[in-house]
Amino acid sequence: MINRRLRVVLAEDSVVLRDGMVELLGARGCEVVATAGTAPGLLAAVVEHRPDVAVVDIRMPPTQTDEGIRAAVEIRARTPEVGIVVFSQHVETTWASRLLADGAAGIGYLLKERVARTSEFVDALYRVADGGTALDPEIVTQLMRGGQRSRVDTLTPREREVLELMAQGHSNRSIAALLVVSERAVEKHVAAVFTKFGLRATDTDNRRVKAVLTYLAENGSRSAITDASAARR
């Protein structure tokens, strides 16, 4: 149960949408400590307020391309303790891969339509602020479709389903309910993914994160490299 007031910095250049989100978050028990309409304003607000989470639109002035994602990556490097939730109108797998390149703990990537689902959106903010992950199902699907993935090709269809649901932030219990199987069956599929990805248990490494989120980041990075190579030709 949520029992604390989440401190949020919000970056969105549309005044109407920004004001609406401030009202929405306030009604749900969050405190928007600062808002910004530009990437530099966002960076300054994060440094000043050190929020629990920064909510960032990918497209911001002046070019309306990738200013937001660049700022998010910089926040990640400067203040890794600050959770980051970026949102976009469309699926942008190359930009998602940039944000996930160093791991996905404390990261969220949602489509704007998800923001309208208030409860889901606020739950995602709390999950990210606590070091979890909130990836839009469509983002996960697009990341998993692109590029060559020899490791994923070794998985069974059921293991792929489990992998995708893990990437969306579902627990084993939640996956079991969604797939209508036992939790023990899910545990076996997860163990199979670990084995096929060559991930050994250690005291410090989170194999769940490595098996799914780091893998998705690496896969997205390969796609980004391919795109960059094509652009140079």
Side-chain angles (χ1 to χ4, degrees), residues 2 4-136 138-139 169 217 220 224:
I2 296 171
R4 75 185 193 281
R5 192 168 178 82
L6 200 67
R7 300 178 69 254
V8 179
V9 164
L10 171 63
E12 163 59 57
D13 64 299
S14 167
V15 175
V16 173
L17 181 55
R18 187 167 69 229
D19 289 349
M21 291 181 69
V22 169
E23 184 175 347
L24 178 154
L25 292 173
R28 290 284 176 162
C30 300
E31 179 186 3
V32 179
V33 296
T35 63
T38 65
L42 164 64
L43 294 171
V46 169
V47 170
E48 179 180 355
H49 295 280
R50 296 298 173 108
D52 298 307
V53 63
V55 180
V56 185
D57 187 5
I58 281 182
R59 298 175 183 265
M60 300 185 73
T63 68
Q64 294 291 340
T65 56
D66 63 352
E67 282 84 357
I69 200 71
R70 289 179 183 273
V73 171
E74 190 168 344
I75 291 169
R76 180 74 157 168
R78 289 183 178 183
T79 53
E81 72 279 7
V82 175
I84 300 170
V85 174
V86 299
F87 60 98
S88 175
Q89 190 70 40
H90 307 288
V91 177
E92 306 282 3
T93 54
T94 299
W95 291 338
S97 71
R98 294 188 200 177
L99 191 60
L100 296 170
D102 293 325
I107 292 294
Y109 192 123
L110 304 175
L111 294 180
K112 281 191 174 181
E113 64 186 47
R114 196 77 53 184
V115 175
R117 303 174 189 176
T118 308
S119 295
E120 289 184 25
F121 179 52
V122 174
D123 286 346
L125 295 187
Y126 275 93
R127 190 186 318 151
V128 168
D130 288 336
T133 303
L135 297 182
D136 196 286
E138 186 61 25
I139 298 292

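On a predicted model such as this, the values are computed, not experimentally measured, just so you know.
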For this session: Could you walk me through whether Lys112 and Leu17 pass side chain to side chain contact (heavy atoms under 4.5 Å, CB included), step by step?
Result: CA-CA 11 Å; Lys112 281 191 174 181; Leu17 181 55; 4.2 Å; yes
Problem set entry | Step-by-step side chain to side chain contact (heavy atoms under 4.5 Å, CB included) determination, Val9 to Leu42 | CA-CA 8 Å; Val9 164; Leu42 164 64; 3.8 Å; yes
Problem set entry | side chain to side chain contact (heavy atoms under 4.5 Å, CB included) between Ile107 and Arg76, intermediate numbers included | CA-CA 9 Å; Ile107 292 294; Arg76 180 74 157 168; 3.6 Å; yes
For this session: Carefully, step by step, assess Asp57 and Phe87 under the rule side chain to side chain contact (heavy atoms under 4.5 Å, CB included).
Result: CA-CA 5 Å; Asp57 187 5; Phe87 60 98; 3.8 Å; yes
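Considering all non-hydrogen atoms of both residues, Gly68 and Val56 come closest at O-CG1, 3.6 Å. Between Val46 and Thr79 the shortest heavy-atom distance is CG1-OG1, 3.8 Å. Closest non-hydrogen pair, Arg7 versus Asp52, comes out as N-OD2, 2.7 Å. The nearest pair of heavy atoms linking Ala124 to Ala134 is CB-CB, 3.7 Å. In terms of heavy-atom proximity, Tyr126 sits nearest to Gly29 at OH-O, 4.0 Å. Scanning both residues, Val55 and Phe121, for their nearest heavy atoms gives CG1-CZ, 4.0 Å.
In this structure a side-chain-to-backbone donor-acceptor pair under 3.5 Å is present from Glu12 to Ser14. Formation of a donor-acceptor pair under 3.5 Å by the Arg78 side chain with backbone atoms of Leu43 is not found in this model. Between the Arg127 side chain and the Thr133 main chain, a donor and an acceptor come within less than 3.5 Å of each other.
In this structure, the separation between CD1 on Ile84 and CG on Leu125 is 12.5 Å, given to the nearest 0.5 Å. The distance from atom CG of Asp123 to atom CZ of Arg117, rounded to the nearest 0.5 Å, is 13.0 Å. From Leu25, atom CG reaches atom CZ of Arg5 across 10.0 Å, with rounding to the nearest 0.5 Å. Ile69 CD1 to Glu74 CD: the interatomic distance, rounded to the nearest 0.5 Å, is 12.5 Å.
Taking a 6.0 Å sphere around CD of Glu23, one finds it holds 12 or fewer heavy atoms contributed by other residues, nucleotides or ligands. Heavy-atom neighbours of Arg70 CZ from other residues, nucleotides or ligands within 6.0 Å: at or below the threshold of 12.
With respect to Asp13 and Arg59, no salt bridge is recorded, no charged nitrogen being found less than 4.0 Å from a carboxylate O.
Looking only at side-chain heavy atoms (C-beta outward), Glu31 and Pro51 stay at 4.5 Å or farther from each other.
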